[in-house]
Amino acid sequence: MNYYGTEKQQRLQRQCDEAQAMIAATPGLVQAGRFFSVDDFDRIDWVFVEDRLARDGVFGFRMMPTTRIEEIREKLGPSYRLDLWSVFSADRDTAIAACTSILEADLPDGLTRVDMIDDPEDEAIRLIQFCMAENGIAPFSGAMLLGKVVPAVTVAFADTDGRIVATAHANMAFNAHSKYQGTAWVGLITVAAQQRRCGLGRSINALAIMAAFEGLGANAIVEFVHSDNTASRRMIESCGLRFDPALVCGLAVPVVDARFTT
(Lines give C-alpha, C1' and ligand atoms only; values in the text may rest on other atoms or scores of the structure.)
Protein backbone atom coordinates (compact mmCIF):
# COMPACT_ATOMS: atom_id res chain seq x y z
CA MET A 1 0.00 0.00 0.00
CA ASN A 2 1.03 3.58 -0.68
CA TYR A 3 -0.44 4.71 2.65
CA TYR A 4 0.62 3.52 6.08
CA GLY A 5 -0.37 4.01 9.71
CA THR A 6 -3.65 4.31 11.54
CA GLU A 7 -6.89 4.79 9.63
CA LYS A 8 -6.77 8.53 10.40
CA GLN A 9 -3.12 8.85 9.40
CA GLN A 10 -3.79 7.13 6.07
CA ARG A 11 -6.82 9.33 5.41
CA LEU A 12 -4.80 12.49 6.05
CA GLN A 13 -1.92 11.28 3.87
CA ARG A 14 -4.35 10.58 1.02
CA GLN A 15 -5.98 14.00 1.39
CA CYS A 16 -2.65 15.80 1.18
CA ASP A 17 -1.52 13.80 -1.84
CA GLU A 18 -4.78 14.39 -3.70
CA ALA A 19 -4.87 18.11 -2.82
CA GLN A 20 -1.37 18.90 -4.15
CA ALA A 21 -2.59 20.73 -7.28
CA MET A 22 -4.72 23.01 -5.11
CA ILE A 23 -1.94 23.47 -2.55
CA ALA A 24 0.58 24.39 -5.26
CA ALA A 25 -1.80 26.94 -6.80
CA THR A 26 -2.95 28.62 -3.58
CA PRO A 27 -0.91 31.44 -2.00
CA GLY A 28 -0.40 30.74 1.69
CA LEU A 29 -0.70 26.95 1.57
CA VAL A 30 2.23 24.56 2.01
CA GLN A 31 2.41 20.78 1.45
CA ALA A 32 2.90 19.25 4.90
CA GLY A 33 2.25 15.65 3.89
CA ARG A 34 0.09 14.67 6.86
CA PHE A 35 -2.30 17.61 7.35
CA PHE A 36 -3.21 20.89 5.73
CA SER A 37 -0.86 23.73 6.59
CA VAL A 38 -0.12 27.39 5.84
CA ASP A 39 3.08 29.41 5.73
CA ASP A 40 1.17 32.74 5.55
CA PHE A 41 -2.26 32.67 7.17
CA ASP A 42 -2.97 36.26 6.10
CA ARG A 43 -3.43 34.92 2.56
CA ILE A 44 -5.94 32.25 3.59
CA ASP A 45 -9.61 32.71 4.51
CA TRP A 46 -9.83 31.69 8.18
CA VAL A 47 -12.98 29.72 7.33
CA PHE A 48 -10.70 27.29 5.49
CA VAL A 49 -8.70 26.74 8.69
CA GLU A 50 -11.86 26.18 10.73
CA ASP A 51 -13.24 23.75 8.16
CA ARG A 52 -10.06 21.66 8.02
CA LEU A 53 -9.80 21.57 11.81
CA ALA A 54 -13.39 20.37 12.08
CA ARG A 55 -12.74 17.63 9.48
CA ASP A 56 -9.20 16.57 10.35
CA GLY A 57 -8.57 17.56 13.97
CA VAL A 58 -5.19 19.08 13.04
CA PHE A 59 -3.92 22.10 11.11
CA GLY A 60 -0.38 23.39 10.64
CA PHE A 61 1.17 26.86 10.79
CA ARG A 62 4.69 26.80 9.37
CA MET A 63 7.24 29.61 9.52
CA MET A 64 4.94 31.80 11.61
CA PRO A 65 6.32 35.04 13.08
CA THR A 66 6.50 34.60 16.84
CA THR A 67 4.71 37.95 17.17
CA ARG A 68 1.54 36.42 15.64
CA ILE A 69 1.19 33.36 17.87
CA GLU A 70 -1.22 34.86 20.38
CA GLU A 71 -3.35 36.15 17.52
CA ILE A 72 -3.58 32.62 16.12
CA ARG A 73 -4.48 31.24 19.55
CA GLU A 74 -7.28 33.80 19.88
CA LYS A 75 -8.64 32.85 16.46
CA LEU A 76 -8.57 29.15 17.35
CA GLY A 77 -10.63 29.68 20.50
CA PRO A 78 -10.87 27.52 23.62
CA SER A 79 -11.54 24.20 21.84
CA TYR A 80 -8.07 24.00 20.29
CA ARG A 81 -4.55 24.45 21.54
CA LEU A 82 -1.47 25.43 19.53
CA ASP A 83 1.60 23.22 20.08
CA LEU A 84 4.84 24.90 19.05
CA TRP A 85 8.13 23.77 17.55
CA SER A 86 11.26 25.91 17.20
CA VAL A 87 12.55 26.71 13.71
CA PHE A 88 16.20 26.02 12.84
CA SER A 89 17.65 27.08 9.49
CA ALA A 90 20.87 27.23 7.49
CA ASP A 91 22.05 28.45 4.11
CA ARG A 92 23.56 26.09 1.57
CA ASP A 93 27.25 26.78 2.23
CA THR A 94 27.01 26.59 6.01
CA ALA A 95 25.06 23.33 6.05
CA ILE A 96 27.18 21.62 3.39
CA ALA A 97 30.39 22.45 5.26
CA ALA A 98 29.04 20.96 8.50
CA CYS A 99 27.46 17.90 6.88
CA THR A 100 30.46 17.05 4.71
CA SER A 101 32.55 16.68 7.83
CA ILE A 102 29.94 14.42 9.45
CA LEU A 103 29.60 12.16 6.41
CA GLU A 104 33.34 11.62 6.15
CA ALA A 105 33.11 9.33 9.19
CA ASP A 106 32.34 5.66 8.67
CA LEU A 107 28.97 4.20 9.60
CA PRO A 108 28.85 1.77 12.52
CA ASP A 109 29.78 -1.78 11.51
CA GLY A 110 27.04 -3.66 9.71
CA LEU A 111 25.03 -0.65 8.57
CA THR A 112 24.54 0.26 4.91
CA ARG A 113 22.59 2.88 3.00
CA VAL A 114 19.32 1.58 1.56
CA ASP A 115 18.89 1.68 -2.22
CA MET A 116 15.29 2.37 -3.21
CA ILE A 117 13.50 1.91 -6.50
CA ASP A 118 11.00 4.44 -7.83
CA ASP A 119 7.89 2.60 -6.63
CA PRO A 120 5.66 3.64 -3.68
CA GLU A 121 4.74 -0.02 -3.24
CA ASP A 122 8.38 -1.10 -2.87
CA GLU A 123 9.12 -3.13 0.26
CA ALA A 124 11.86 -0.69 1.28
CA ILE A 125 9.30 2.14 1.45
CA ARG A 126 7.00 0.02 3.58
CA LEU A 127 9.87 -0.82 5.95
CA ILE A 128 10.75 2.88 6.22
CA GLN A 129 7.14 3.76 7.03
CA PHE A 130 7.08 0.97 9.62
CA CYS A 131 10.30 2.24 11.23
CA MET A 132 8.83 5.73 11.52
CA ALA A 133 5.55 4.55 12.99
CA GLU A 134 7.25 2.12 15.41
CA ASN A 135 9.35 4.98 16.76
CA GLY A 136 6.56 7.50 17.19
CA ILE A 137 6.78 9.41 13.90
CA ALA A 138 3.60 9.71 11.80
CA PRO A 139 4.76 8.63 8.31
CA PHE A 140 4.17 10.12 4.87
CA SER A 141 2.64 8.22 1.98
CA GLY A 142 4.97 6.22 -0.24
CA ALA A 143 4.38 8.71 -3.07
CA MET A 144 5.34 11.63 -0.82
CA LEU A 145 8.47 9.86 0.42
CA LEU A 146 9.61 9.20 -3.17
CA GLY A 147 9.00 12.73 -4.46
CA LYS A 148 5.90 12.01 -6.52
CA VAL A 149 3.85 14.70 -4.77
CA VAL A 150 6.49 17.43 -4.37
CA PRO A 151 10.23 17.13 -5.14
CA ALA A 152 11.57 15.03 -2.29
CA VAL A 153 14.14 12.47 -1.24
CA THR A 154 14.10 9.87 1.53
CA VAL A 155 17.26 8.26 2.91
CA ALA A 156 17.70 5.27 5.20
CA PHE A 157 20.24 2.96 6.81
CA ALA A 158 19.68 -0.78 7.33
CA ASP A 159 21.40 -3.39 9.46
CA THR A 160 22.75 -6.76 8.30
CA ASP A 161 19.27 -8.32 8.63
CA GLY A 162 17.77 -5.70 6.32
CA ARG A 163 15.93 -3.89 9.11
CA ILE A 164 15.64 -0.11 8.72
CA VAL A 165 17.41 1.47 11.70
CA ALA A 166 17.48 5.14 10.67
CA THR A 167 15.66 7.29 8.15
CA ALA A 168 15.16 10.94 7.20
CA HIS A 169 13.35 12.93 4.54
CA ALA A 170 13.75 16.22 2.68
CA ASN A 171 11.25 17.96 0.42
CA MET A 172 10.44 21.19 -1.37
CA ALA A 173 7.12 21.82 0.35
CA PHE A 174 6.80 25.59 -0.18
CA ASN A 175 4.93 26.57 -3.34
CA ALA A 176 5.82 29.18 -5.98
CA HIS A 177 3.84 31.87 -4.13
CA SER A 178 5.82 31.47 -0.91
CA LYS A 179 8.72 33.66 0.15
CA TYR A 180 10.32 30.38 1.25
CA GLN A 181 10.29 28.93 -2.26
CA GLY A 182 13.68 27.27 -2.72
CA THR A 183 13.92 26.31 0.96
CA ALA A 184 13.82 22.59 1.73
CA TRP A 185 12.24 21.14 4.83
CA VAL A 186 14.14 18.25 6.44
CA GLY A 187 12.40 16.02 8.94
CA LEU A 188 10.94 12.61 9.84
CA ILE A 189 14.28 11.89 11.51
CA THR A 190 13.95 8.40 12.96
CA VAL A 191 16.51 6.21 14.72
CA ALA A 192 15.58 2.77 16.05
CA ALA A 193 15.91 2.47 19.83
CA GLN A 194 18.77 -0.05 19.70
CA GLN A 195 20.87 2.30 17.53
CA ARG A 196 20.52 5.52 19.51
CA ARG A 197 23.34 7.43 21.22
CA CYS A 198 25.92 6.51 18.59
CA GLY A 199 25.61 9.51 16.27
CA LEU A 200 23.35 7.81 13.75
CA GLY A 201 20.74 10.58 13.92
CA ARG A 202 23.37 13.13 13.01
CA SER A 203 24.55 11.00 10.08
CA ILE A 204 21.10 10.37 8.62
CA ASN A 205 20.14 14.02 9.07
CA ALA A 206 23.34 15.15 7.34
CA LEU A 207 22.64 12.74 4.47
CA ALA A 208 19.12 14.16 3.99
CA ILE A 209 20.45 17.72 4.09
CA MET A 210 23.06 16.97 1.44
CA ALA A 211 20.37 15.34 -0.71
CA ALA A 212 18.22 18.46 -0.37
CA PHE A 213 20.98 20.62 -1.79
CA GLU A 214 22.50 18.24 -4.32
CA GLY A 215 19.37 16.40 -5.46
CA LEU A 216 16.57 18.91 -4.97
CA GLY A 217 18.44 22.14 -5.72
CA ALA A 218 17.53 23.83 -2.43
CA ASN A 219 19.24 27.08 -1.47
CA ALA A 220 18.42 26.83 2.26
CA ILE A 221 16.97 24.33 4.73
CA VAL A 222 14.70 24.41 7.76
CA GLU A 223 13.97 21.88 10.47
CA PHE A 224 11.48 21.99 13.34
CA VAL A 225 12.28 20.87 16.90
CA HIS A 226 10.15 20.87 20.03
CA SER A 227 11.66 22.99 22.78
CA ASP A 228 11.96 20.04 25.19
CA ASN A 229 13.90 17.86 22.69
CA THR A 230 17.46 18.78 23.65
CA ALA A 231 19.05 15.80 21.88
CA SER A 232 17.43 16.66 18.53
CA ARG A 233 18.41 20.28 18.91
CA ARG A 234 22.07 19.33 19.43
CA MET A 235 21.92 16.96 16.46
CA ILE A 236 20.47 19.61 14.16
CA GLU A 237 22.93 22.26 15.31
CA SER A 238 25.82 19.89 14.58
CA CYS A 239 24.63 19.90 10.94
CA GLY A 240 25.04 23.68 10.73
CA LEU A 241 21.51 24.87 11.49
CA ARG A 242 20.82 27.66 13.95
CA PHE A 243 17.78 28.60 15.99
CA ASP A 244 15.66 31.39 14.48
CA PRO A 245 13.95 33.27 17.34
CA ALA A 246 11.71 35.21 14.94
CA LEU A 247 9.86 32.15 13.60
CA VAL A 248 7.93 29.21 14.97
CA CYS A 249 6.07 26.16 13.67
CA GLY A 250 2.67 25.47 15.22
CA LEU A 251 0.09 22.68 15.09
CA ALA A 252 -3.49 23.28 16.13
CA VAL A 253 -5.22 20.24 17.67
CA PRO A 254 -8.21 19.73 19.98
CA VAL A 255 -7.26 20.44 23.58
CA VAL A 256 -7.96 16.81 24.53
CA ASP A 257 -5.61 15.33 21.91
CA ALA A 258 -2.00 14.22 22.42
CA ARG A 259 0.80 16.16 20.76
CA PHE A 260 1.18 15.34 17.08
CA THR A 261 4.61 14.12 16.02
CA THR A 262 6.31 16.13 13.28
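This is a predicted model, so every value here is computed, not measured.
When every heavy atom of Ala208 is checked against every heavy atom of Ala168, the shortest pair comes out as CB-CB, 3.8 Å. Shortest non-hydrogen contact noted between Thr26 and His177 is C-CD2, 4.1 Å. In terms of heavy atoms, Ile102 sits closest to Ala206 at CG2-CB, 4.0 Å. Of all the heavy atoms in Gly240 and Thr94, the pair that sits closest is O-CG2, 3.6 Å. Closest non-hydrogen pair, Arg92 versus Ala218, comes out as NH1-O, 3.4 Å. Nearest heavy atoms, Leu241 versus Phe88: CD2-O, 3.5 Å.
One distance of note links CD of Glu134 with CG of Leu127; it measures 10.5 Å at 0.5 Å rounding. If you take CG on Asp228 and OG1 on Thr230, they are separated by 7.5 Å, rounding to the nearest 0.5 Å. Interatomic distance, Leu251 CG to Tyr80 OH, rounded to the nearest 0.5 Å: 13.5 Å. Between the CD1 atom of Ile128 and the CD1 atom of Ile164 there is a distance of 5.0 Å, given to the nearest 0.5 Å. Distance check, rounded to the nearest 0.5 Å: CG of Leu29 to CE of Met22 gives 6.0 Å. From Met64, atom CE reaches atom OG1 of Thr66 across 11.5 Å, with rounding to the nearest 0.5 Å.
Arg11 has a carboxylate O that lies under 4.0 Å from a charged side-chain N of Asp56, or vice versa, which qualifies the two as a salt bridge. A salt bridge links Glu70 with Arg73: the closest approach of a Lys/Arg side-chain nitrogen to an acidic carboxylate oxygen falls below 4.0 angstrom. Salt-bridge check for Arg55 with Asp51: passed, with a basic side-chain N closer than 4.0 Å to an acidic carboxylate O. Under a 4.0 Å N-O distance rule, the pair Arg234/Glu237 does not qualify as a salt bridge.
Val253 and Ile72 end up in different hydrophobic clusters when Ile, Leu, Val, Met, Phe, Trp and Tyr side chains are linked at under 4.5 Å. In this structure, Val49 is not a member of the same hydrophobic cluster as Leu12, with clusters built from ILVMFWY side-chain heavy atoms closer than 4.5 Å. Linking Ile, Leu, Val, Met, Phe, Trp and Tyr residues whenever their side-chain heavy atoms come within less than 4.5 Å places Ile96 and Ile236 in a single cluster. Both Phe224 and Val150 are assigned to one and the same hydrophobic cluster, defined by single-linkage of ILVMFWY side chains at heavy-atom distances under 4.5 Å. Under the 4.5 Å side-chain heavy-atom criterion for ILVMFWY residues, a single connected hydrophobic cluster contains both Ile221 and Leu207.
For the pair Arg242 and Ser89, the minimum side-chain heavy-atom distance is 4.5 Å or more. The shortest side-chain heavy-atom distance between Thr167 and Thr154 falls under the 4.5 Å cut-off. A heavy-atom distance below 4.5 Å is found between the side chains of Leu200 and Phe157. Proximity of Asp91 to Asn219: side-chain heavy atoms (C-beta onward) are nowhere separated by under 4.5 Å. At least one side-chain heavy atom of Ile189 sits less than 4.5 Å from a side-chain heavy atom of Ile204. Contact annotation: the side chain of Gln9 never approaches that of Phe35 to less than 4.5 Å [non-hydrogen atoms, C-beta and beyond]. For the pair Val153/Leu216, a side-chain contact is recorded, criterion being any heavy-atom separation below 4.5 Å from C-beta on. Looking at heavy atoms from C-beta onward, Gln31 lies in side-chain contact with Met144 at the 4.5 angstrom threshold.
A donor atom on one side chain and an acceptor atom on the other are found under 3.5 Å apart for Glu223 and Asn205. No side-chain donor-acceptor contact under 3.5 Å links Asn175 and Ser178. A donor-acceptor pair shorter than 3.5 Å can be found between the side chains of Ser141 and Asp17.
Side-chain atoms of Gln13 come within 3.5 Å of backbone N or O of Tyr4 as a donor-acceptor pair. Using a distance-only test at 3.5 Å, with no hydrogens or angles considered, a donor-acceptor pair links the side chain of Thr190 to the main chain of Leu188. A distance-only check finds a donor-acceptor pair linking the side chain of Ser238 to the backbone of Met235 [under 3.5 Å]. With hydrogens and angles disregarded, no donor-acceptor distance shorter than 3.5 Å links the side chain of Arg62 to the backbone of Gly250. Under the 3.5 Å distance criterion, the side-chain polar atoms of Gln129 are matched with a main-chain donor or acceptor of Asn2. Under a 3.5 Å cut-off, the side chain of Arg34 and the backbone N or O of Ala138 do form a donor-acceptor pair.
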**Report entry** side chain to side chain contact (heavy atoms under 4.5 Å, CB included) between Val87 and Met63, intermediate numbers included
**Finding:** CA-CA 7 Å; Val87 173; Met63 310 300 281; 4.1 Å; yes
Report task. Decide yes or no on side chain to side chain contact (heavy atoms under 4.5 Å, CB included) for Asp39 and Phe174, but give the supporting numbers first. Result -> CA-CA 8 Å; Asp39 63 3; Phe174 301 104; 3.3 Å; yes
Query raised in the report: Checking side chain to side chain contact (heavy atoms under 4.5 Å, CB included) for the pair Arg52/Gln15: CA distance, chi angles, key distance, verdict?
Result: CA-CA 11 Å; Arg52 294 318 318 180; Gln15 282 184 174; 3.2 Å; yes
Requested in this report: Before giving the answer on salt bridge (Lys or Arg N to Asp or Glu O under 4.0 Å), spell out for Arg126 and Glu123 the whole-Å C-alpha distance, their side-chain angles and the decisive distance to 0.1 Å.
Outcome: CA-CA 5 Å; Arg126 177 46 49 93; Glu123 180 64 15; over 6 Å; no
Report task. Determine, step by step, whether Asp83 and Arg81 satisfy the salt bridge (Lys or Arg N to Asp or Glu O under 4.0 Å) criterion, reporting the C-alpha distance in whole Å, the side-chain angles of both residues, the deciding distance to 0.1 Å, and the verdict. Result -> CA-CA 6 Å; Asp83 295 332; Arg81 72 172 190 274; 2.8 Å; yes
Query raised in the report: Between Leu84 and His226, does a side chain to side chain contact (heavy atoms under 4.5 Å, CB included) hold up when you go through it step by step?
Result: CA-CA 7 Å; Leu84 301 179; His226 197 267; over 6 Å; no
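The environment of CZ in Arg113 is sparse: at most 12 heavy-atom neighbours from other residues, nucleotides or ligands sit within 6.0 Å. The number of heavy atoms from other shown groups lying within 6.0 Å of CG (Asp106) does not exceed 12. Sparse packing is recorded around CG of Asp109, with 12 or fewer heavy atoms of other residues, nucleotides or ligands lying under 6.0 Å away. Annotation: Asp161, atom CG; neighbour count of heavy atoms from other residues, nucleotides and ligands within 6.0 Å is above 12.
Under the 30°/60° scheme for interplanar angles, the aromatic rings of Trp185 and Phe140 are found to be tilted. By the 30° and 60° cut-offs, the orientation of the rings of Phe41 relative to Phe61 is perpendicular.
If you chain together ILVMFWY residues whose side-chain heavy atoms come under 4.5 Å of each other, Val47 ends up in a group of its own.
Relative to the six-membered ring of Phe243, Arg233 meets both conditions, a distance below 6.0 Å and an angle of at most 45° to the axis. Remark: Arg14 is positioned above the aromatic ring of Tyr3, its terminal NZ or CZ atom under 6.0 angstrom from the ring centre and at most 45 degrees off the axis.
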